[in-house]
Each structure stands twice: as C-alpha cells, then as structure tokens.
Novice: 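First, the structure itself, so that you have it in front of you.
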Amino acid sequence: MFIFPDLSNELHAMQDAGIVISPWLAGLSSEGRLDAALYSDMSTRAREFAHVHWTEEERVRVLHHFPSPDRIPQIAVHEIVASIAVYLAHERTGQLEVDEPLIEEAMKLVTQFVSEHSFGTLLQLYMLVTSWENQNALKHFGEIPERNFVLGGWHRPWVDYSLGEELMFAALLGNVEVIERDGHRFVRLTEEGEQALERASEMLEQAGYFKQRLQFLRISQFNLYDAYEQVADEIWPDTPQQRKDFVQFVGMHPGMRVLELGCANGPLTFEGGLANAVQPGGHIIAVDPSTGMLARARTKQRSLQIDWIEFMYGRAESLPFDAGSFDMVLGTGFLHFTDLKLSIPEMTRLVRPGGVIGSWHPLKADLNVPFFREWFAPLFELAAKRAERPRDFLIEPNTVNEALVMAGLIRVEERSMPVITMFHDPVKVVNHFIRGVGWFSEELAPLPWKAREDLIEDLIERGKYVCERFTPEERVFRFPGQAIRAKRPIR
Ligand SMILES: C[S@@+](CC[C@H](N)C(=O)[O-])C[C@H]1O[C@@H](n2cnc3c(N)ncnc32)[C@H](O)[C@@H]1O
C-alpha cells in the first residue's frame with residue numbers, strides 16, 4: 001500500500017536515531033509523567049512543528065490524492081517527542097517523570113531525524129505503528145463498538161483525543177469498515193485491512209520493532225514493581241533467614257568496601273545483616289534502578305541512623321565507579337533481571353584483585369506442575385500458539401558459573417538455596433509476577449490493552465478457584481536457587 005510502502009530501512013533509521021514511537025509512554029493520563037503545564041506547552045510546540053514541516057509537497061509525496069488528516073501530524077509529533085523524553089528519563093534516572101531539558105533533547109532528535117528523512121517519513125512511521133495497534137485490536141476482537149474504538153477504551157486507553165480521524169482515514173484506505181447491527185455501530189477489518197495488518201506485522205517484526213515495543217511496555221508498567229516490599233515476606237517467607245545465611249556464605253568482614261546491587265528497599269542491606277557485618281568502619285554503596293525503592297531504603301536508613309551506606313540509582317550492567325573499587329560486589333534476587341553478558345563482566349571489573357563477588361538468585365524451574373498449569377493455563381495456551389512453553393526469563397543452571405569462569409574469576413563456589421514461593425494470595429501473586437515483574441510479558445504483549453487487562457483479571461479469578469482446589473502445601477513452589485561466590489585472582 002502506497003501510504004505504508006516498505007518502511008524497513010526507515011524503521012532501522014528511526015531506532016538508530018533514538019526515535020521512540022511508544023504513545024502509551026506519552027499520554028497525559030500516564031501517572032503524571034509530564035505535568036500539565038509541560039504537556040500543554042508541548043502541544044503548542046508540536047502544532048507549530050507540524051505546521052512548518054507538513055507541507056503540501058510532503059502531503060502529495062506521502063498521501064497522493066488523499067486529503068491531509070487534520071490533527072494526526074501534530075499528535076504524532078507530540079507523542080513521539082514525549083515518548084522519547086520518558087524513555088530517556090527512564091534510561092538515565094529510573095524515573096518516568098520528564099522535565100523541560102529532556103523535552104528539548106527529544107525535540108532535537110526529532111528535528112534532526114526530520115531534516116535527514118523528512119516529516120512525511122516520520123508521519124508514515126507513526127501511522128504504521130498506530131494503525132498496527134488499531135488493526136491488531138480489530139483482528140483480536142473481531143469487531144469493536146465504534147464508540148469504544150473512537151475513545152480508544154479497548155486498545156489505546158492513554159489517548160485523550162478522539163481516534164475518529166484515524167478511523168476515517170483507515171476507512172478511506174479501505175482497511176476498516178463500520179457496520180450497523182441492531183441499531184449499534186461496530187468497526188471491523190476488511191479483507192484488505194487483514195492483509196495490511198499482515199504486511200505491517202512482518203515489517204515491524206523484521207525491523208525488530210516488536211522487541212523494542214515489549215521493552216517499552218515493560219517500562220510503562222515499571223513502577224508497579226514497587227509493590228515488591230508489600231508482597232515479599234508473604235510470597236517468600238523463608239528469605240529473611242536466607243539473606244542472613246548468604247551474608248555468612250560470602251564471608252563479609254568489618255571494614256570492607258562493599259557494592260550491593262539491586263538493593264531495593266534494603267532487605268539485604270539492613271534486615272539481612274550487611275550493614276552490621278561491615279560495621280561503621282566499612283562502607284556500602286547500594287544501587288538499584290527503582291527510585292521508589294531507593295527512597296524507601298533511605299527512609300529506613302534514617303530511622304536506623306546508619307551512616308556508612310550510600311544509596312544510589314544504578315544498574316548492574318554499567319556503573320560509574322573505577323575498576324577495583326570494592327572488596328566485595330554482591331546482591332540478592334537481582335541477577336536474573338540483568339543482562340548477564342554485561343553485568344558479570346561489570347561486577348568483575350569493579351571488584352579489586354583478591355576481592356569477592358557474590359549473588360543469590362533463583363534458577364529456571366519446570367513450571368508444568370498441576371496447580372500452576374491450571375492457574376496460568378491461558379498463558380500456556382498463548383505460548384502454545386507459538387509452539388513454545390511460556391518464557392519466565394529465569395537463569396539456566398550453570399550459566400552463571402560458566403560466565404564467572406569466562407570473566408576470569410576463580411574458586412567459584414556454590415550452595416543450593418531454593419527460593420520457596422507461596423502461591424496463596426491470587427491478587428498479590430498475579431499483580432507481582434504478571435503485572436510487576438513481567439513474567440510472560442512476551443505472551444501478553446501482542447494482546448490489545450483490554451484483552452491484557454481482562455486476561456490478568458481472569459488469572460486472579462482462576463487463582464481463587466485454584467486456591468480452593470489445591471491445598472496450601474500443593475501450592476508451594478520450590479524454585480531451585482543458587483548462592484554463588486567467586487574470587488578475582490590477585491594477578
Ligand atoms: C526481587 S528484588 C530483590 C531485592 C533485594 N535485594 C532482596 O533481596 O529482596 C530485585 C531488585 O532488582 C532491581 N533490578 C532490576 N533490574 C536491575 C538491574 N539491571 N541492575 C540492578 N538491579 C536491578 C529491581 O529494581 C529490584 O529492586
């Protein structure tokens with residue numbers, strides 16, 4: 001279709017240029033990521049930008065004889081700039097709130113892209129992504145009541161404008177039709193629309209856009225993970241003692257300089273005994289990418305009056321410290337969230353020769369047990385469509401040991417420390433694992449928003465039923481777990 005010709009090269013160029021088209025990161029309703037003044041200022045700037053760059057010449061080049069949509073160009077600029085800014089904020093600070101300098105930076109990236117590739121190209125990419133969201137939802141639901149479609153309630157609830165113009169445009173292109181039944185109007189895909197969806201899916205898949213989209217969806221639910229501390233002790237009742245055992249296992253001594261990774265709100269740092277083990281003569285830098293967690297760790301620190309710890313934003317993959325700065329680099333329950341190819345070499349770089357790195361983490365488990373299979377059956381079914389088992393992203397046994405040896409560490413020692421997990425409270429379990437940590441997010445990502453939400457609600461209901469059918473003992477799951485320590489050679 002001429003409006004969406006093969007845009008593969010442009011999709012790659014967009015990713016290389018740091019252009020993020022992820023409207024769900026950008027909406028005003030998205031938990032105050034942009035405050036109202038900044039949002040309205042941006043709208044004005046987006047309108048002006050579109051006015052200057054969306055020329056008649058561009059319209060003819062991209063749309064041929066079709067009339068120009070009235071508001072889509074300015075909405076596109078607004079949502080692209082905002083989603084770049086939110087993405088950058090998250091990358092750099094772990095927060096989703098955006099300030100003016102970030103908007104400036106995002107605006108510059110868009111200006112640069114437009115000067116190299118044209119405004120029409122940017123608009124085509126935006127329309128490719130948003131019409132994929134529309135068509136994918138129509139395909140999933142078969143049809144959507146027109147009113148719901150226009151309000152975006154089933155598939156783009158973050159919009160605060162009408163999707164009427166997008167609907168009109170898709171109908172003009174022949175991709176959708178509106179039918180009337182019993183006095184109600186419904187939107188559905190035409191055969192041409194189905195083909196357009198297939199072509200768009202192929203193009204987006206090949207250009208790696210769906211991988212990016214999964215990452216953006218995870219970011220957008222990122223802060224939900226903050227509820228961790230409210231569920232941790234209930235879901236993993238054995239972990240408080242296990243963290244203490246881990247501190248013993250790694251051999252912490254008074255006076256050590258320690259880097260703790262993935263510290264969250266400090267269950268290892270404080271209750272687990274890390275701070276006590278190094279004592280006031282030592283020093284701990286504790287990092288985490290969740291600023292909400294760090295804020296609560298600092299509150300705990302103040303109430304305990306412990307001043308030999310610094311809490312900082314940071315990810316295990318790359319940290320701003322000199323090589324060999326620490327006697328020990330360690331953490332609990334964080335390694336499976338990191339990119340091991342980067343985090344293990346970084347941990348190795350940061351520990352001094354003769355120093356120790358340590359981690360306690362859960363390992364991949366066979367989730368095909370009766371209560372789990374029954375509870376999470378819809379996810380198994382979704383995965384089966386791809387001829388796969390649901391992915392849980394936990395680490396395979398031996399992967400860490402091998403990575404440590406590859407990184408040049410010696411005396412790799414390990415102890416089995418299972419992660420005993422209670423599947424008792426369906427709301428907490430589902431909110432934590434599915435919404436928060438993002439288990440099975442690959443299965444859920446292709447679903448339109450409402451289908452995702454309905455499925456999550458369904459999982460909570462199924463959980464209630466499963467909790468009646470299976471005894472509490474049958475619902476305890478022992479994830480294999482590994483405590484590991486290794487030494488950096490002196491030379
Ligand atoms: C399950 S919690 C574990 C927290 C705590 N250490 C404990 O023992 O309970 C995982 C923590 O890892 C953090 N995290 C996620 N990705 C990370 C990364 N790339 N580098 C470091 N920490 C990360 C999360 O923000 C979260 O606070």
Side-chain angles (χ1 to χ4, degrees), residues 90-96 215 218-219 221-247 249-250 252 258-275 284-298 300 309 311-321 328-347 349-350 357-363 392-395 400 417 419-421 428-429 431-433 435-439 441 479 481-484:
H90 178 257
E91 275 281 284
R92 291 176 192 172
T93 67
Q95 298 183 52
L96 302 179
Q215 192 196 358
R218 284 201 184 125
I219 291 174
Q221 67 179 9
F222 178 75
N223 281 345
L224 294 171
Y225 184 66
D226 272 10
Y228 168 66
E229 67 215 69
Q230 290 155 24
V231 299
D233 290 351
E234 219 175 300
I235 296 185
W236 299 285
D238 289 14
T239 52
Q241 181 57 45
Q242 287 173 303
R243 288 191 195 90
K244 291 180 187 157
D245 297 345
F246 174 72
V247 170
F249 169 72
V250 288
M252 189 70 60
V258 175
L259 174 64
E260 186 196 344
L261 304 170
C263 63
N265 60 323
L268 175 70
T269 337
F270 300 112
E271 294 87 344
L274 204 60
I284 300 174
I285 294 184
V287 304
D288 199 283
S290 162
T291 46
M293 293 279 191
L294 289 171
R296 288 192 287 284
R298 289 189 188 108
K300 224 187 247 182
I309 304 178
F311 287 98
M312 283 177 55
Y313 168 78
R315 291 177 181 278
E317 289 84 349
S318 168
L319 287 158
F321 307 115
M328 196 173 280
V329 177
L330 84 176
T332 49
F334 80 99
L335 199 61
H336 53 302
F337 294 119
T338 72
D339 180 344
L340 293 181
K341 286 191 289 304
L342 299 174
S343 56
I344 292 199
E346 182 65 346
M347 289 168 79
R349 182 184 76 82
L350 292 170
I357 78 174
S359 165
W360 171 40
H361 44 261
L363 296 174
D392 58 18
F393 70 75
L394 290 176
I395 303 172
V400 177
M417 247 198 224
V419 182
I420 297 163
T421 308
K428 286 186 177 164
V429 163
N431 279 342
H432 177 73
F433 285 115
R435 278 194 215 272
V437 179
W439 265 18
S441 50
F479 282 92
Q482 178 182 48
I484 201 156

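Given the structure is predicted, the values throughout are model-derived calculations rather than measurements. One-based numbering, in listed order, for ligands and for the atoms of each.
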Novice: Any donor-acceptor pair under 3.5 Å linking the side chain of Glu260 with the backbone of Val329?
Specialist: no
Novice: Are Phe246 and Trp360 an aromatic pair by the rule of ring centers under 6.0 Å?
Specialist: no
Novice: Does any N or O of ligand 1 fall below 3.5 Å from an N or O anywhere on Ala316, backbone included?
Specialist: yes
Novice: Is there side-chain contact between Trp236 and Gln242, with at least one heavy-atom pair below 4.5 Å?
Specialist: no
Novice: Do any N/O atoms on Gly262 end up under 3.5 angstrom from N/O atoms on ligand 1?
Specialist: yes
Novice: Parallel, tilted or perpendicular, judged at 30° and 60°: which one describes the rings of Phe270 and Phe311?
Specialist: tilted
Novice: May I ask you to decide if Pro289's main-chain N or O and Thr291's side chain share a donor-acceptor pair within less than 3.5 Å?
Specialist: no
Novice: Looking only at distances, can you tell me whether any N or O atom of Glu260, backbone or side chain, sits closer than 3.5 Å to an N or O atom of ligand 1?
Specialist: no
Novice: Mind checking whether Thr338 has an N or O less than 3.5 Å away from an N or O of ligand 1?
Specialist: no
Novice: Side chains of Phe479 and Leu363, heavy atoms from C-beta outward: is any pair under 4.5 Å?
Specialist: no
Novice: Pull out every atom of ligand 1 sitting under 4.0 Å from any heavy atom of Pro267, numbered as shown with elements.
Specialist: 5 (C), 7 (C), 9 (O)
Novice: Which ligand 1 atoms are under 4.0 Å away from a heavy-atom of Phe334?
Specialist: 12 (O)
Novice: Specify side chain, backbone, both or neither for Asp288, according to which of its non-hydrogen atoms lie closer than 4.0 Å to ligand 1.
Specialist: side chain
Novice: Nearest to atom 10 (C) of ligand 1 by heavy atom, Gly266, Pro362, Gly333, Ser343: which?
Specialist: Gly333
Novice: State if Gly331 counts as touching ligand 1 under the rule of any non-hydrogen atom under 4.0 Å.
Specialist: no
Novice: Does any non-hydrogen side-chain atom of Leu274 lie less than 4.5 Å from one of Ile284?
Specialist: yes
